[in-house]
Amino acid sequence: SPPGPAAGPEGAPAGAPLLAAEVGAFLAQRRLSYGGVAGMSGTLYASEARSIAGLQLRLEAFPAARAGSPALRGAGLLLDYATAIGLKTTAPSGEQRATRFSRLEAGATWRTPPLGALGLVLAPRLSYLAQRLTVRPAIAGLPDADLSGLRLGLDAEARAGARVTLLAGAGWVSWRSARELVEGYFPGGRAWALELTAGLDVTLWGPLSLRVAGAYASTRYGLTADPSGTYAATSAEDRLLSARATVRARY
């Protein structure tokens, strides 16, 4: 979710708290599909998970929020973590197998001072992102996801009333490591992702607010042909649709 809205400490620009924390829950759907599929000796399973639920945690720190320099006031660090609870995958045999899903983002951001009558705040950020989905025992033909790379993003927020702030964001991820599918099932390839978010923040009381947002994320793979013929596909897409609701506290 984008960095938090107005009401920084006295002397700091709006939207630049010293510390902000969020805790809540998310609900997501995931779909893995393939393109350019041809005859193969092995089996590649598409996958669809219609209900992934779990916990969402986020921390933001702006150490120089009270500094004299406007350029430093908006500089901050962020940590965002999500993990699924009770997730299961149905194997071709019908057996339910334990499944773990997690997403970790850690990086730096910088918030502009509020611009215009709507108090528009822009916040570019650069971060490290790791996303994993594993099934145990593993299912032959259904690769796990073990991705890590760099994310370049831009978040925005604008006031829509005395207590409501609109949120939006976009990000591009260059997966530097894509184990399992690219580095396991196929001899090589590349992977990247596009992420979009939209939501709102509603002030509840004092430093507390309720934040609700929806997100679309699509990881696309370009796959190198398998000379053995075990697996045959030229591309894949791992799509994740999610919604989250968190309570946010600013100090």
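Values in this document were obtained by computation on a predicted structure and should not be read as measured data.
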Do the side chains of [X] and [Y] get close enough for a salt bridge, i.e. N-O under 4.0 angstrom?
| X | Y | result |
| --- | --- | --- |
| Glu180 | Arg132 | no |
| Asp80 | Arg151 | no |
| Asp144 | Arg136 | yes |

ask   = Listed by chain and number, what are the side-chain hydrogen bond (donor to acceptor under 3.5 Å, both in side chains) partners of Arg103, not counting sequence neighbours?
value =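 Applying side-chain hydrogen bond (donor to acceptor under 3.5 Å, both in side chains) to Arg103 gives Gln131, Glu195.
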key: Ser174 vs Arg176, side chain to side chain donor-acceptor pair (under 3.5 Å): CA-CA, chis, key distance, verdict   = CA-CA 6 Å; Ser174 176; Arg176 312 308 296 172; 3.0 Å; yes
Partners passing ring-ring contact (aromatic ring centres under 6.0 Å, His included) against Tyr221 (at least two apart in sequence or in another chain) =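 In terms of ring-ring contact (aromatic ring centres under 6.0 Å, His included), with neighbours along the sequence ignored, Tyr221 is linked to no residue.
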[X] side chain to [Y] backbone, donor-acceptor under 3.5 Å:
| X | Y | result |
| --- | --- | --- |
| Arg97 | Pro137 | yes |
| Arg163 | Ser209 | no |
| Thr99 | Thr89 | yes |

Donor-acceptor side-chain pairing of Ser127 and Glu105 below 3.5 angstrom =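 Ser127 vs Glu105: donor-acceptor pair found between side chains.
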message = Using 0.5 Å steps for rounding, measure from the CG atom of Leu32 to the OH atom of Tyr45.
response =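 Separation between the atoms: 13.5 Å.
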message = Rounded at 0.5 Å granularity, tell me how far OG1 in Thr246 sits from CG in Leu210.
response =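 The CG atom of Leu210 is 7.0 Å from OG1 of Thr246, to the nearest 0.5 Å.
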task = Quick one: name the residues clustered hydrophobically with Leu57, using the 4.5 Å side-chain heavy-atom rule over I, L, V, M, F, W, Y, and just say none if it's on its own.
result =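 Val23, all in the cluster of Leu57.
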ask   = Heavy atoms, side chains only, cut-off 4.5 Å: are Thr112 and Val121 in contact?
value =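 Sidechains of Val121 and Thr112: in contact.
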key: Summary of salt bridge (charged side-chain N to carboxylate O under 4.0 Å, His left out) pairs that have at least one residue in residues 216-234, sequence neighbours excluded   =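 Listed once each, the pairs are Arg220-Glu237.
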ask   = Of the non-hydrogen atoms in Ile52 and Phe101, which two are nearest, and what is the gap between them?
value =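 Heavy-atom minimum between the residues: CG2-CD2, 4.4 Å.
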key: Heavy-atom closest pair, residues Trp175 and Gly149   =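 In terms of heavy atoms, the two residues are closest at CE3-N, 3.7 Å.
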inquiry  = Going by the rule side chain to side chain contact (heavy atoms under 4.5 Å, CB included), which residues pair with Ala160 if we only count those two or more places apart in sequence or in a different chain?
reply    =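 Val164, Leu166.
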request  = Would you please name every residue forming a side chain to side chain contact (heavy atoms under 4.5 Å, CB included) with Ser93, sequence neighbours left out?
outcome  =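 Ala91, Glu95.
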